[in-house]
Amino acid sequence: MATWARARGHAARALVTGRAAAAAALYRRLGFEPTGEGRPMTGRPQLTESVLVLSLRAPARGELPVEPTE
C-alpha cells in the first residue's frame, strides 16, 4: 500500500492531542512533521488535535531520503 501511495504523492497523517506528548514524540522520531493545523477532537471538542504528516513521496533521483529523527 505504501508503494501505491508513494507513486501518487500521498502522505500519512496522524492526529495527536496535547495530552499525548509521548505519541507526538514517537511520530516525530518516525519522520512525521507537524503541519501547524489543529482542530477540535471528534467526540471531545474540548481537546484540540494537532495534525502531523509523513510524506510518502519517493525521493527524486539524486535526492537523499529523509531519515527519521532520533
Side-chain angles (χ1 to χ4, degrees):
M1 184 180 292
T3 302
W4 179 90
R6 266 191 198 95
R8 288 154 181 80
H10 293 290
R13 292 170 45 111
L15 302 170
V16 295
T17 68
R19 292 183 170 179
L26 173 64
Y27 282 123
R28 286 190 185 110
R29 283 194 302 276
L30 294 172
F32 282 77
E33 297 288 332
T35 64
E37 178 186 347
R39 62 185 189 198
M41 183 177 182
T42 302
R44 296 186 72 187
Q46 70 276 18
L47 296 176
T48 300
E49 294 177 314
S50 297
V51 180
L52 303 164
V53 296
L54 174 66
S55 173
L56 296 177
R57 180 183 64 81
R61 182 175 216 140
E63 180 181 23
L64 295 176
V66 175
E67 295 293 324
T69 58
E70 297 200 41

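Looking at every heavy atom in both residues, L54 comes nearest to G31 through CD1-O, 3.4 Å. Of all the heavy atoms in A11 and S55, the pair that sits closest is CB-CA, 4.1 Å.
L15 places a side-chain heavy atom less than 4.5 Å from the side chain of V51.
Neither L30 nor V53 shares a network with the other; the hydrophobic side chains, linked directly or stepwise wherever heavy atoms of I, L, V, M, F, W or Y lie under 4.5 Å apart, form separate groups for each.
For P40, the side chain to side chain contact (heavy atoms under 4.5 Å, CB included) partners are P45, not counting sequence neighbours. Scored by the side chain to side chain contact (heavy atoms under 4.5 Å, CB included) test, R19 finds T17, R44, L47 as partners (sequence neighbours excluded). With sequence neighbours excluded, the residues that form a salt bridge (Lys or Arg N to Asp or Glu O under 4.0 Å) with R39 are E49.
Sorted by first and then second residue, the ring pair (Phe, Tyr, Trp, His ring centres under 6.0 Å) pairs involving residues 17-49 (not counting sequence neighbours) are Y27-F32.
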